[in-house]
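What follows is one structure encoded as structure tokens, with my remarks underneath.
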Number of protein chains: 2
Amino acid sequence: MSLVRVHNFSVSLDGFATGEGQRLDAPFGHAGSRLMQWAIGTRTFRAMGLHGDSEASFGVDDAFAGAWGPGIGAEIMGRNKFGPQRGPWENEEWKGWWGENPVFHTPVVVLTHHLRPALEMDGGTTFHFVDAGPAVALEQARALAGGLDVRIGGGAITIRQFLAADLIDHLHVVVVPIILGRGERLWEGLEGLEERFDIEATPSPSGVVHLVGTRRGAR
Amino acid sequence: MSLVRVHNFSVSLDGFATGEGQRLDAPFGHAGSRLMQWAIGTRTFRAMGLHGDSEASFGVDDAFAGAWGPGIGAEIMGRNKFGPQRGPWENEEWKGWWGENPVFHTPVVVLTHHLRPALEMDGGTTFHFVDAGPAVALEQARALAGGLDVRIGGGAITIRQFLAADLIDHLHVVVVPIILGRGERLWEGLEGLEERFDIEATPSPSGVVHLVGTRRGAR
């Protein structure tokens with residue numbers, strides 16, 4: 001059976017996965033790029049076409065960042081990760097933040113109450129728009145994943161839903177030592193989550209701490 | 001000039017420093033002893049008369065735990081750390097959670113709107129009840145500390161007040177990998193705190209992560 005995995009999901013020390021005020025020019029709201037700063041310089045993110053100012057890093061941050069792709073056959077993301085719009089689509093011109101050749105290279109299930117036709121992009125990424133809860137969405141993603149693992153790509157609300165439904169086997173969360181103060185909280189409503197996971201912590205010279213949670217009983 | 005220090009202050013992954021429902025038989029509310037489990041087994045806490053079930057530990061948790069005492073001339077604590085009562089004192093029989101010979105062995109300033117006479121205990125601890133904001137309370141504690149450092153002992157509300165007033169030089173916070181879901185949050189109202197601190201993270205085999213913040217410009 002394929003695993004359900006979360007990778008490279010960053011939260012502030014006070015538990016916010018995104019800031020307040022997501023907009024087209026501010027995908028993380030007032031958090032800016034601070035939550036992903038640890039990743040931008042890694043070899044893995046450079047290879048996705050994301051550029052920082054410094055030399056590419058090959059250290060522990062890159063080791064974790066690079067675990068994102070291998071073995072993944074499909075991603076599930078929330079609509080807020082797909083784009084800044086809310087409510088019904090005004091038109092179908094928006095094709096995600098990632099250009100004509102998105103970084104995913106697999107089918108991607110976008111959770112939304114506002115359906116639209118599947119969107120086939122270059123490089124193997126197809127966005128499928130699905131109005132369903134976590135269990136049904138996961139069934140659909142598994143059908144698209146060809147026996148491989150399914151990644152839950154975020155944002156916070158989506159990951160919370162899958163954690164609450166106990167559907168996540170592997171949880172990689174990166175604690176960034178900043179206090180955001182406002183935005184979307186990851187851990188809300190998940191009291192006692194630690195009883196279902198073994199948790200390992202690894203600090204990085206960049207200042208972040210990589211937490212890896214493995215669901216007890218997960219393969 | 002003496003430093004202002006916080007030591008061994010534990011928070012859950014979702015940022016709670018204590019659970020809900022503090023009572024005489026539950027000083028941390030529904031959190032129970034989970035936030036302090038990492039410390040109970042250390043040589044330092046054993047020497048204070050706190051007993052766990054396992055052998056005393058001499059590792060990184062003890063190294064951090066033991067930095068609590070040396071160089072400290074006074075502590076400041078909130079009234080909720082001193083006891084479970086709220087509002088005016090019904091009588092003056094309550095002398096803290098720590099017995100006749102408290103672990104502090106220094107003057108302790110207890111912040112409260114409800115004054116009562118200073119309380120001299122065995123072993124050098126005297127509780128002084130003070131109705132003042134952080135800056136004035138710190139002046140009083142420094143006068144009692146004989147040139148040594150002042151420890152801010154908690155709880156969360158007290159530490160938040162001193163952080164908001166930018167009065168803390170050395171901040172040791174222990175992130176415990178549990179999700180409490182409710183209680184008193186440490187980081188509330190402290191957006192951007194990281195701009196004032198250099199932060200270092202050290203994981204422990206016990207599963208907690210020790211964060212040490214050093215205020216920029218602090219000696």
Mind checking which of [range] sit less than 4.5 Å from chain B, heavy atom to heavy atom?
range                       : result
residues 192-206 of chain A : A:Gly192, A:Leu193, A:Glu194, A:Ile199, A:Ala201, A:Pro203
residues 173-182 of chain A : A:Pro177, A:Ile178, A:Ile179, A:Leu180, A:Gly181, A:Arg182
residues 151-161 of chain A : none
residues 69-86 of chain A   : none

Rounded distance (nearest 0.5 Å) linking atom [atom1] of [X] with atom [atom2] of [Y]:
X        : Y        : atom1 : atom2 : value
B:Leu144 : B:Arg142 : CG    : CZ    : 12.5 Å
B:Phe162 : B:Asp169 : CZ    : CG    : 12.0 Å
B:Asp149 : B:Leu3   : CG    : CG    : 4.5 Å
B:Leu163 : B:Ile168 : CG    : CD1   : 4.0 Å

Check your understanding: Where does the angle between the aromatic ring planes of B:Phe129 and B:Phe127 fall among parallel (under 30°), tilted (30 to 60°) and perpendicular (over 60°)?
Key -> tilted

Between [X] and [Y], which heavy-atom pair has the shortest distance, and what is it?
X        : Y        : value
A:Ala132 : A:Leu111 : O-CD2, 4.0 Å
B:Asp25  : B:Pro27  : C-CD, 3.8 Å
B:Trp38  : B:Asn8   : CH2-OD1, 3.6 Å

Would you call [X] and [Y] a side-chain contact if the rule is heavy atoms closer than 4.5 Å?
X        : Y        : answer
A:Trp97  : A:Val103 : no
B:Thr106 : B:Thr125 : no
B:Glu191 : A:His30  : yes
B:Val4   : B:Arg215 : no
B:His7   : B:His170 : yes
A:Val150 : A:Leu138 : yes

Practice item. Give the C-alpha distance, both sets of side-chain angles, the deciding distance and a yes or no for salt bridge (charged side-chain N to carboxylate O under 4.0 Å, His left out) between B:Arg185 and B:Glu20. Key: CA-CA 11 Å; B:Arg185 290 188 195 272; B:Glu20 221 171 48; over 6 Å; no

Check your understanding: Any side-chain donor paired with an acceptor under 3.5 Å for B:Thr44 and B:Trp68?
Key -> no

Exercise for review: Examine the side chains of B:Ser57 and B:Arg43 and answer whether a donor and an acceptor come within less than 3.5 Å of each other.
Suggested key: no

Point to revise | Interchain contact, B:His210 with chain A, by part (heavy-atom threshold 4.5 Å) | key: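 Interface part for B:His210: neither.
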
Review point. At a heavy-atom separation under 4.5 Å, does B:Leu186 approach chain A through its side chain, its backbone, both, or neither?
Key: neither

Check your understanding: For the rings on A:His172 and A:Phe9, is their centre-to-centre separation under 6.0 Å?
Key -> no

Point to revise | Closest-packed option against chain A by number of heavy-atom pairs under 4.5 Å, given B:Leu13, B:Asp14, B:Val11, B:Val209 | key: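 Maximum pair count with chain A is reached by B:Leu13.
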
